[in-house]
Structures are given as C-alpha cells and as structure tokens.
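In what follows, a single structure is set out as structure tokens and then discussed.
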Amino acid sequence: MPDAARDETSNIWRAVAEAAPYLLQNDLGQPSIAQFEHEAGWDLIVLNLAIAINQHVRNRLQNDPDAFDLEELYFTQVKEKYGKLQVYLSVYDPVLNALVDFAGLMSSTTCEVSGRAGKLHSKNGFLKTLHPKVAADQGFLAVT
C-alpha cells in the first residue's frame with residue numbers, strides 16, 4: 001500500500017490551517033495530529049469539513065461566547081479506516097459529530113486516490129474506496 005500520510009508540508013495541511021487553524025493545534029500549542037492519513041482524493045472532503053466546523057463554531061460563539069474553547073477543539077485523528085474517512089475531534093458536540101459522520105459518508109462514495117466517484121474495493125484484506133479505473137490499475141476488486 002502506498003504511504004498516504006501527509007504532514008505540515010502538504011497542501012491539505014496548509015488549506016485546513018488557513019480555514020480553521022485551531023483544528024491542527026492541541027491545547028499545549030503543539031500539532032494535534034502528526035499527519036493526514038489518507039490520500040489526496042479525500043482532501044476536498046476534509047477541507048469542507050473544516051470549513052463547516054468553523055462555521056458552526058463561529059455561529060455558536062456569536063450567540064454564546066462560552067460555547068467552545070478553541071484551545072480545546074482540534075482534530076485528534078484524520079485517517080482512512082476500512083475504506084472510509086475517520087475523523088476524531090477532541091470535544092463532543094452533536095452538530096460537530098453529525099458533520100464528521102457526513103464527511104465519512106461522503107468518503108464512502110469518493111475515490112480516496114482521485115476524488116472521483118468510487119465504491120468499496122478490496123486487495124489482500126485491505127479495503128479502499130476507489131474509482132473503478134484506479135481500482136483496476138492498483139489490482140483491487142470490487143466488494144459486492
């Protein structure tokens with residue numbers, strides 16, 4: 001399997017840092033995640049998730065300045081697992097959890113490599129959501 005992890009030098013890291021920098025910095029002022037552990041096809045999903053999180057947080061803070069502590073709200077993991085995007089946040093909020101769930105749902109129909117329409121494929125026990133051409137090129141078979 002190719003190494004899909006991208007760190008602070010990657011485009012997705014820079015895009016999320018611009019959209020919602022607090023999502024990448026833990027309460028100690030250190031990076032909250034070491035890497036984005038997915039391939040570039042899901043970058044737009046992750047970026048849109050960060051934008052949606054930021055909109056929700058900013059709206060809540062306008063109405064209730066104590067609704068969120070931005071030093072306590074950050075990504076703890078952003079990765080692929082069982083062919084879907086898995087995102088974990090440091091705080092619980094029902095709206096944030098719904099946004100994360102929706103991002104996971106979007107990833108289940110989006111090729112992790114190309115960003116095109118995709119479906120679940122398997123190879124040697126590994127699951128990935130891939131476009132049929134990408135799957136064929138990489139030797140993956142569709143999961144029925």
Side-chain angles (χ1 to χ4, degrees), residues 1-61 64 67-144:
M1 305 270 83
D3 182 12
R6 276 99 33 78
D7 62 14
E8 293 139 348
T9 63
S10 68
N11 290 336
I12 184 59
W13 191 288
R14 287 191 298 272
V16 171
E18 187 175 314
Y22 56 88
L23 290 175
L24 298 174
Q25 191 171 38
N26 68 22
D27 55 344
L28 300 175
Q30 303 297 319
S32 64
I33 58 174
Q35 304 167 339
F36 285 94
E37 301 177 60
H38 61 82
E39 295 195 53
W42 288 347
D43 284 356
L44 188 57
I45 295 171
V46 172
L47 177 57
N48 284 326
L49 173 61
I51 291 167
I53 288 171
N54 194 52
Q55 286 178 327
H56 170 66
V57 167
R58 298 297 175 192
N59 288 341
R60 286 278 313 276
L61 288 173
D64 177 5
F68 290 102
D69 179 349
L70 296 186
E71 291 182 5
E72 299 289 327
L73 174 58
Y74 49 86
F75 288 141
T76 60
Q77 280 190 309
V78 180
K79 65 182 184 176
E80 177 278 331
K81 186 174 183 180
Y82 303 121
K84 285 180 55 176
L85 180 68
Q86 299 289 311
V87 176
Y88 301 93
L89 292 170
S90 60
V91 301
Y92 172 80
D93 176 81
V95 173
L96 296 181
N97 287 7
L99 293 171
V100 165
D101 289 347
F102 187 70
L105 180 64
M106 293 299 298
S107 75
S108 72
T109 60
T110 304
C111 176
E112 183 182 357
V113 174
S114 69
R116 296 167 62 189
K119 66 180 209 171
L120 195 60
H121 290 79
S122 176
K123 175 180 166 183
N124 299 328
F126 291 100
L127 296 172
K128 287 185 83 69
T129 300
L130 299 169
H131 182 272
K133 174 142 180 32
V134 173
D137 291 348
Q138 293 187 6
F140 280 79
L141 298 174
V143 174
T144 55

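All values reported here derive from a predicted model rather than from experimental measurement.
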Going through the distances and angles, do Arg58 and Leu70 end up as a side-chain contact (heavy atoms from CB on, under 4.5 Å)?
CA-CA 10 Å; Arg58 298 297 175 192; Leu70 296 186; 3.5 Å; yes
For Phe102, is the CZ atom crowded, meaning more than 12 foreign heavy atoms sit under 6.0 Å from it?
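No, the 6.0 Å shell around CZ holds no more than 12 heavy atoms from other groups.
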Using a cut-off of 6.0 Å, state whether more than 12 heavy atoms not belonging to Glu18 lie near its atom CD.
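It does not: Glu18 CD has 12 such atoms or fewer within range.
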Looking at [X] and [Y], would you say the former's side chain and the latter's main chain have a donor-acceptor pair under 3.5 Å?
| X | Y | answer |
| --- | --- | --- |
| Trp13 | Phe36 | no |
| Asn59 | Gln55 | yes |
| Asn48 | Leu44 | yes |
| Ser32 | Leu23 | yes |

Tell me the closest heavy-atom pair linking [X] and [Y], and the distance in Å.
| X | Y | result |
| --- | --- | --- |
| Ala20 | Ala50 | CB-O, 4.1 Å |
| His121 | Ala135 | CD2-CB, 3.3 Å |
| Leu61 | Ala67 | CD2-N, 4.2 Å |
| Pro132 | Ala117 | CD-O, 4.3 Å |

Phe75 and Val16: CA distance, side-chain angles, deciding distance, side-chain contact (heavy atoms from CB on, under 4.5 Å) verdict
CA-CA 11 Å; Phe75 288 141; Val16 171; 4.0 Å; yes
Tell me which one of Thr76, Asp69, Val57, Leu73 satisfies side-chain contact (heavy atoms from CB on, under 4.5 Å) with Val91.
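Passing option: Leu73.
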Is there a side-chain contact between [X] and [Y], using heavy atoms and a 4.5 Å cut-off?
| X | Y | answer |
| --- | --- | --- |
| Thr109 | Thr129 | no |
| Ser114 | His131 | yes |
| Leu47 | Ile51 | yes |
| Val78 | His38 | yes |
| Phe140 | Leu127 | no |
| Arg14 | Asn11 | yes |
| Val143 | Lys119 | no |

Value rounded to 0.5 Å, distance of [atom1] in [X] from [atom2] in [Y]:
| X | Y | atom1 | atom2 | value |
| --- | --- | --- | --- | --- |
| Asn97 | Leu89 | CG | CG | 7.0 Å |
| Gln30 | Leu24 | CD | CG | 13.0 Å |
| Asn26 | Ser90 | CG | OG | 9.0 Å |
| Met106 | Leu49 | CE | CG | 11.5 Å |
| Ser107 | Gln86 | OG | CD | 7.5 Å |
| Ile33 | Tyr74 | CD1 | OH | 12.0 Å |

Please determine whether side-chain contact (heavy atoms from CB on, under 4.5 Å) holds for the pair Leu99 and Val87, giving the CA-CA distance in whole Å, both sets of side-chain angles, and the decisive distance to 0.1 Å.
CA-CA 10 Å; Leu99 293 171; Val87 176; over 6 Å; no
Show your working on side-chain contact (heavy atoms from CB on, under 4.5 Å) between Leu141 and Ser122 and close with a plain yes or no.
CA-CA 5 Å; Leu141 298 174; Ser122 176; 5.8 Å; no
Applying salt bridge (charged side-chain N to carboxylate O under 4.0 Å, His left out) between Glu112 and each of Lys81, Lys84, Lys128, report the one that passes.
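The passing option is Lys128.
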Looking at the rings of Phe68 and His56, which for Trp means the six-membered one, are their centres under 6.0 Å apart?
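Here the rings of His56 and Phe68 have centres that are less than 6.0 Å from each other.
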